[in-house]
Structures are given as structure tokens and as C-alpha cells.
2 protein chains.
Amino acid sequence: MKSSIGIKRQTVTSSVLDLLRDRIISGVYPGGYQIKQEAVADEFSVSRIPIREALLQLEAEGLVVIHTHKGAVVAALTPQDAIDIFEARLALEPFMLAKAMAKATDADTDRVRTAYLNYETALTKGEAPERLSALNWAFHNALLAAANRPRSFALIAILHNSADRYLRLQIDTEAAQTKALEDHRALAEAFAKRDLTLAQRLLKKHIADARDDVIRNLKEGLA
Amino acid sequence: MKSSIGIKRQTVTSSVLDLLRDRIISGVYPGGYQIKQEAVADEFSVSRIPIREALLQLEAEGLVVIHTHKGAVVAALTPQDAIDIFEARLALEPFMLAKAMAKATDADTDRVRTAYLNYETALTKGEAPERLSALNWAFHNALLAAANRPRSFALIAILHNSADRYLRLQIDTEAAQTKALEDHRALAEAFAKRDLTLAQRLLKKHIADARDDVIRNLKEGLA
DNA sequence: CTGTTGCATATTGAATACAACAGACCCCTG
DNA sequence: CAGGGGTCTGTTGTATTCAATATGCAACAG
């Protein structure tokens, strides 16, 4: 097999997919924004075909809604949707954490610790929100990776992306991020000690708190 | 070819999507089968574009795996994958059942009862497996519909489709279906009584038993 | 004989071209 | 003035065409 390492040969569709996803999650394309295929195609100097295919995948991720002959619209952010997403995470993540911790090795513990430290240093350095988001996900990722459940993992990843859209809306992102850091620290510790009960409780609270914060902010925003 | 009832406002892509999905779930396209775009396009006398788009959606549903420049292959059926799927359901469905039962009205109870009866009559009539599959899903659907959680529901629907592929492999489908009927009866009763604890326990057992059956059959098949 | 290299073919990826639909606008009629 | 109908335009859906990649095979060097 030829080494494809180092060679960056992405397909146009996947490049567009990543770019559009970033724009939606970061809020460049807000909820309700209509993504016109031709506009995106022109912007990237490609045809509409890869755009269409990227949009289909974004729809599968729940980031856009496509109506026949009417096109793709960025999914709206609503309290009900936030509850839907965060509570699905609440059902899935602690469950998968159990599977992960049951099979975790010292190497997995190290990965969790490293992911925690990366988030910490990025936060103290005051790095950009998208960087912090990525590292936040990397931490949750590390917690669950040992479970080795591709499908469940994919579902959780999708939920995280959508959840991220809400988290980026936070008024006081700094407070939320600092709290997240503290939660992560405790989680990493419980993971290292293989204290499943504690870890699950912490994770549930972590997600539930995020849900409540998001809801509160949304309600305030509407008032 | 499906009968076009009334106006066929369906897009080619969605028609192809439904047909391919059926073929995969029913086993016409077995795990590992390579779906060639042009072959399907020729069969339906359409271009490859709708095929490609359908395949992308099937990938999002976890029914096929696409590799760049190598095409789409029907996802393999493995014990690990089955565990992954059924245990994700085990995490999600009882959780959502709680949300559903908390908001359920008498109309919802009726829908559950009707769904149960439909499955029962179809089973006694000895209808085709795909019909029974659809009614089985309709029952689970009815149990959870009142929750009104589109995203969680979409995830569960996808998991059901993949789970169905495994259930269709069952050696003794009749025994499995009869057991399912009994489970459903008890579930419908608990739902009607609003006995959440019992309903959740029954649902968990229902799913866990299905998982175990599937695993056992897979292992035997490999032996 | 073995391993590598280069070519031929099958298949997918993307661009271009054409068709169909939704929505807005205008005009018309009552 | 309200409402209907038709055209017109912008956008999406699909077909067709071209380009790029993977894979198998044959020729060849060692």
C-alpha cells in the first residue's frame, strides 16, 4: 500500500463539507440562513454537485434542513431542540462512558489526561473559541474512545456538533469554559481512578448544566 | 416498481434511496455487496447523480460505507456492530420512553394499542417479513412518538433500520416474532397504565433479548 | 522465478448543460 | 378593490460529459 500519509488528497465534497459545517457551528451561517448552492459553488470556484452532496451530509447531521425544490436552510436554534440534543447526549454519553471505562487501559487514561491538559493550556492562553470547542470535543472523545463503538460514537459526535452551536451562543463564554474546565478535571480524575459511579454522575451533571445554561441564555435572548 | 399513489411529487433521489434502503435491510444486497452507481442508474433508467446522492444518505444511516474512488459497499454485519447498535438503542429508547409517557395522552395510548393490534393481526395472518418489520417499527414508533423529540427520534429510527438487518437474519424468525408480540403486549399494557418503571424494564429486556438472540445466531452462523 | 513498472480498463469524482419547479410579480376581470 | 391566472425569474433537480483515480494485467529487469 502506498503511503497516503502526508499526502493531502481530499475530495472537493469533503472540503466543502468541512467548511460549511464550520460556518454553521461557528454561527457565520445563523439559524434560518438559506444556503444557495450556486453562491457557495461560485465562492469556491467549483460546481454545484459537490455543494449538493455536502449539504446532504449536513442534513444527515441535523445542521441544515432541505426542502425539495426549495433548498437548504440552516437548522433553527430553539429551546426544544436544545433539550432534545442535550438529553440525547445525557442518555448516550454516560452509557458509553461505562463501556469505555470497563475496557480502558493506562494509555487511555493518559489520553484523557493529555486532552484535559490541552484544553487547560488553550483556555489559559485565551485561544479562539473554535479551538476551545475542538479541544472540548477532543476531551469528551478521549473519555469515550476506549469503548470502541463506532456507531454510538458517530451519533454522539453529531450531537456534539449541534450542541456546539448552542454553546457558542453563550453570553459569558468565559465563565462557561472555566466551569467546563473544572468539570473536566474532576472527570479526568474519576476516569483515572476508574470510579465509574462518580464519573457518570459528573458527566451527567456536566451535560445537564450545559443544557440548563443554554436554555437560560436562549430564554433571555428571546426576552 | 412501487405504485405511484396519487401525485408522485417524489424526487428521483428519494425513490432510489427508499429502494436501495429496502434492498439492504431485506438482505437483497448482503453485507459486503458493492453497489455500483452505473448499474443502479441503468436499472432505473436514471443518471448516476441521484444514485450518488442516495448512497450518501445511506452512508449517513450507517447502511453503506463509502471509500473515495472505490465506491459504496453495504455495511458488514458483525457481532460487535450488533452490540453497538442494540446497546445504543438500550441507552436511548428507555430514556425516550420516559419522556413520551410523561406527556402521553389517551390518544397516544390508543395509537400504541392500535399499533400492537396491527402487528398481532399481521403476524397471525402470516404476512411478509418486511410488512412485519414495518409494523414492529410502527409499534416502537408509537411508544416514543409522544415524546416529540425529532432528533432523538431520528437517531432511534436509524438504529432500528440497522437493527432490522440483523433481525432479518434470524434462523427462526417466527419464534422471534411471536416473542416480540408477547413483549409488545406487555409493553402496551404498561404504557396504558402509565407504569413507567415497568415499561422501561420491559423495553430494556425486549431490546436486550433481541441483542442476545442476534448475537447467538451470528455466532452459530459463523461456526 | 520474482518483483516492479507501465499501460489498459472499470469506476468514481466533478463540471457543464438542460429541465422542472416555487414564488413573485403583474395584469386582468369581476 | 379582492382575487385569479399567467408569465417571468431565480433556484433546485437531473442528465450528460469530461477528468481523475484505482485495479488488474502484461511486459520486463534482475
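Below, chains carry the letters A, B, ... as their sequence lines are ordered, and counting in each starts from 1. Every heavy atom of this structure was used, including side-chain atoms; hydrogens, water molecules and symmetry mates were not.
- Between A/T13 and the phosphate of C/dA14, there is a side-chain N or O to OP1/OP2 separation shorter than 4.0 Å.
- At least one side-chain nitrogen or oxygen of B/K70 sits closer than 4.0 Å to the OP1 or OP2 atom of D/dT23.
- Taking atom CD1 of B/I66 as the reference point, atom P of D/dT21 lies 19 Å away to the nearest angstrom.
- Of the candidate nucleotides C/dA14, D/dT14, C/dG23, D/dT14 has the atom nearest to the side chain of B/T11.
- Within residues 51-60 of chain B, no residue places a heavy atom under 4.0 Å from DNA chain D.
- The OH atom of B/Y119 sits 11.5 Å away from the CD atom of B/E127 when rounded to the nearest 0.5 Å.
- A 4.5 Å side-chain heavy-atom check between A/L55 and A/I66 finds at least one atom pair inside the cut-off.
- Residues passing the ring-ring contact (aromatic ring centres under 6.0 Å, His included) test with A/F191, sequence neighbours excluded: none.
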Where do N or O atoms of nucleotides 5-10 of chain D meet protein N or O atoms at under 3.5 Å, pair by pair?
none

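- Residue A/Q37 has a polar side-chain atom (N or O) positioned under 4.0 Å from OP1 or OP2 of D/dG13.
- The side chain to side chain contact (heavy atoms under 4.5 Å, CB included) search around B/A60 returns A/A60, not counting sequence neighbours.
- For A/P50, taking side-chain heavy atoms from C-beta onward, the closest of the listed nucleotides D/dT12, C/dA15, D/dT14 is C/dA15.
- Every residue was checked against the side chain to side chain contact (heavy atoms under 4.5 Å, CB included) condition with B/A138, not counting sequence neighbours, and none meets it.
- No close placement of the B/H184 and B/Y116 rings is indicated, their centers lying 6.0 Å or farther apart.
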Enumerate, atom names and distances included, each donor-acceptor pair closer than 3.5 Å involving a side-chain atom of residues 16-23 of chain A, sequence neighbours excluded.
residue, atom, partner, partner atom, Å
A/D18, OD1, A/R21, NH1, 3.1
A/D18, OD2, A/Q10, NE2, 3.4
A/R21, NE, A/E61, OE1, 2.9
A/R21, NH2, A/E61, OE2, 2.8
A/R23, NH1, A/Y29, OH, 2.8
A/R23, NH1, A/E43, OE1, 3.2
A/R23, NH1, A/E43, OE2, 3.4
A/R23, NH2, A/E43, OE2, 2.6

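- Following rounding to the nearest Å, A/H67 (NE2) and D/dT11 (P) show an atom-to-atom distance of 18 Å.
- A straight line from CZ of A/F44 to P of C/dA15 spans 13 Å, rounded to a whole angstrom.
- To the nearest 0.5 angstrom, A/L97 atom CG is 7.5 Å from A/L187 atom CG.
- Look at CD on B/Q34: it is 11 Å from P on D/dG24, rounded to the nearest Å.
- With respect to A/E87 and A/R211, a salt bridge is recorded, a charged nitrogen being found less than 4.0 Å from a carboxylate O.
- Mapped onto DNA chain C by nearest heavy atom, A/R48 and B/E38 fall at different nucleotides, with B/E38 at the one closer to the 5' end.
- One atom, CD1 of B/I49, and another, P of C/dT12, lie 12 Å apart when rounded to the nearest Å.
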